[in-house]
A.B. asks: 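Let me begin by handing over the structure; questions about it come next.
Throughout, residue positions are numbered sequentially from 1 according to the sequence presented. Counting convention: from 1, in listed order, for ligands and their atoms alike.
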Amino acid sequence: MRDHVKLFIPGPVEVSADTYAAMNAPMIGHRSKDFQVLYADVHEKLQTLFGTTQQVYLSTSSAWGVMEGAIRNLVNKKVLNCCCGAFSDKWYDVSLRCGKQAEALKVDWGQAITADLVDAKLATGEFDVVTVVHSETSTGVLSPVEEIAKLKAKYPDVLFVVDTVSSFTTLPMHFDSWGLDILLTGSQKAFAMPPGLALFAASEAAYARAAEVKDRGYYFDLLEFQANGKNSMTPSTPCISLIYGLRHQLNKMLAEGLENRYARHARLNGMVHDWVRKNGFEFFAPEGYRTKGLTCVKNKDGFDVAAFVSLLKKRHNLAIDGGYGKIKGQTFRISNMGDESDESIAELIAALDDTMGAL
Ligand SMILES: *Cc1c(COP(=O)(O)O)cnc(C)c1O
């Protein structure tokens, strides 16, 4: 029996011992040369992952900090929040709480946001920002961000803000060539780090907009990030230990090779999918719109998700998720994000099979 509960929930995920060890390094001053060297090291690698020559920023917050920050910095007129699950729905609520004009473009949970739907809304001319969640972690749906971002050509004054919290490093990102304005992610999903660090890139258009927007606040002010970032620093004292962990994880990713990393996530996701089919379950997300870092399984009649999740934990010290928000119990979710391998997913599947048999 392992000494702790290993997490196969879609965040936070298991953090490897080598990552914790890398974080266990002496503290340095955040205005020191040592910090600038650390920042510059991770920054160059992050630009590769984001697919950008723009600056990438480190925010000492969870992803929601940057999601809220994007709203506060960029919305002058009205934001279109594309809603297809718990995280994307919540973004609309956040827009309202920031006192912004906002509209929710809603599809049923389990469906994807499509470019046609966004196009029809932007055609009204009411909006200056659109938010999209790439991989909606509550439903396992992957929305076609690249296609949606092509609308930029038709609506050049609209800024495109994308949450890739549960897809980043499982799939290639092309911030510059997709023409995005903010792309954000967090540390506790596929980065396989402890929570507390968010990462984001911003476009020239995003800075220009921020300069026109009042009441951006301080902590998430894009122009503060820009000014400090130019100097390889952050606006306030950052989570330096997590940045050591980030450097370690980035080095691991580049040693593995990004293409290999993306292929590994697809392969491990496929192993979980095979288990789902073999056991007579269906997927909550439609074919062609399924994310690669986790699987959202549609429950079937007579199957007690809560009992399954708790027995898996009791017998194997493994945690999967029993469904999020309004689809709790109607679905369950299994993560394959981060440092997982063919062996560790095979082990998980054996444990799922054993637990099925014991239920
Ligand atoms: C986990 C998650 C978030 C929230 O991240 P926090 O780190 O809790 O702020 C936002 N969006 C998506 C798609 C997520 O999976």
A.B. asks: Does any N or O of ligand 1 fall below 3.5 Å from an N or O anywhere on Asp163, backbone included?
C.D. replies: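 Yes; the residue has a nitrogen or oxygen that sits under 3.5 Å from a nitrogen or oxygen of the ligand.
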A.B. asks: Report yes if the distance between the aromatic ring centroids of Phe50 and Phe175 is under 6.0 Å, otherwise no.
C.D. replies: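 Judged by ring-centre distance (under 6.0 Å), Phe50 and Phe175 do not meet the cut-off.
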A.B. asks: Quick one: which ligand 1 atoms are inside 4.0 Å of a heavy atom on Ser135?
C.D. replies: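 This gives 13 (C) as the contact atoms.
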A.B. asks: Within ligand 1, which atoms have a heavy atom of Val133 less than 4.0 Å away?
C.D. replies: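 Result: 13 (C).
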A.B. asks: With a 3.5 Å distance limit and no angle check, can you tell me whether Asn279 reaches the backbone of Phe281 through a side-chain donor-acceptor pair?
C.D. replies: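 Absent.
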A.B. asks: So which atom in Val165 and which in Asp163 form the shortest heavy-atom distance, rounded to 0.1 Å?
C.D. replies: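 Here Val165 and Asp163 meet closest at N-OD1, 2.7 Å.
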A.B. asks: Do Asp342 and Arg264 sit within salt-bridge range, that is, some charged N less than 4.0 Å from a carboxylate O?
C.D. replies: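 Between Arg264 and Asp342 there is no salt bridge, as every charged N stays at least 4.0 Å from the carboxylate O atoms.
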A.B. asks: Of the protein's non-hydrogen atoms, which lies at the shortest distance from atom 8 (O) of ligand 1, and what is that distance?
C.D. replies: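 Of every protein heavy atom, Gln188 NE2, 3.8 Å lies nearest to atom 8 (O) of ligand 1.
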A.B. asks: If we only count N/O pairs under 3.5 Å, is Met67 in contact with ligand 1?
C.D. replies: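 It does not: no N or O of Met67 is found under 3.5 Å from an N or O of ligand 1.
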A.B. asks: Write out the residue and atom name of the closest protein heavy atom to atom 9 (O) of ligand 1, then the distance separating them to 0.1 Å.
C.D. replies: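 Protein heavy atom at minimum distance: Ser62 OG, 2.5 Å.
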A.B. asks: Using salt bridge (charged side-chain N to carboxylate O under 4.0 Å, His left out), reason through Glu340 and Arg267 one step at a time and then give a plain yes or no.
C.D. replies: CA-CA 11 Å; Glu340 299 308 328; Arg267 188 171 71 247; over 6 Å; no
A.B. asks: Record the part of Trp64 in heavy-atom contact with ligand 1 below 4.0 Å; permitted values are side chain, backbone, both and neither.
C.D. replies: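 Under 4.0 Å from ligand 1, Trp64 contributes backbone and side-chain atoms.
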A.B. asks: Which residue supplies the protein heavy atom nearest to atom 5 (O) of ligand 1, what is that atom called, and how far is it?
C.D. replies: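 Result for atom 5 (O) of ligand 1: Ala63 CB, 3.6 Å.
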A.B. asks: Verify, without hydrogens or angle tests, whether Ser88 (side chain) and Cys84 (backbone) share a donor-acceptor contact under 3.5 angstrom.
C.D. replies: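 Yes: the side chain of Ser88 pairs with the backbone of Cys84.
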A.B. asks: Report, in ascending order of atom number, the atoms of ligand 1 lying under 4.0 Å from any heavy atom of Thr137.
C.D. replies: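 The list of qualifying atoms is 12 (C), 13 (C), 14 (C), 15 (O).
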A.B. asks: Does this structure show an ion pair linking Lys77 with Glu126, if we count only N-O contacts that are shorter than 4.0 Å?
C.D. replies: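 Not counted as a salt bridge, because no side-chain N and carboxylate O are separated by less than 4.0 Å.
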A.B. asks: Lys189 near ligand 1, heavy-atom distance under 4.0 Å?
C.D. replies: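 Per 4.0 Å heavy-atom rule, Lys189 contacts ligand 1.
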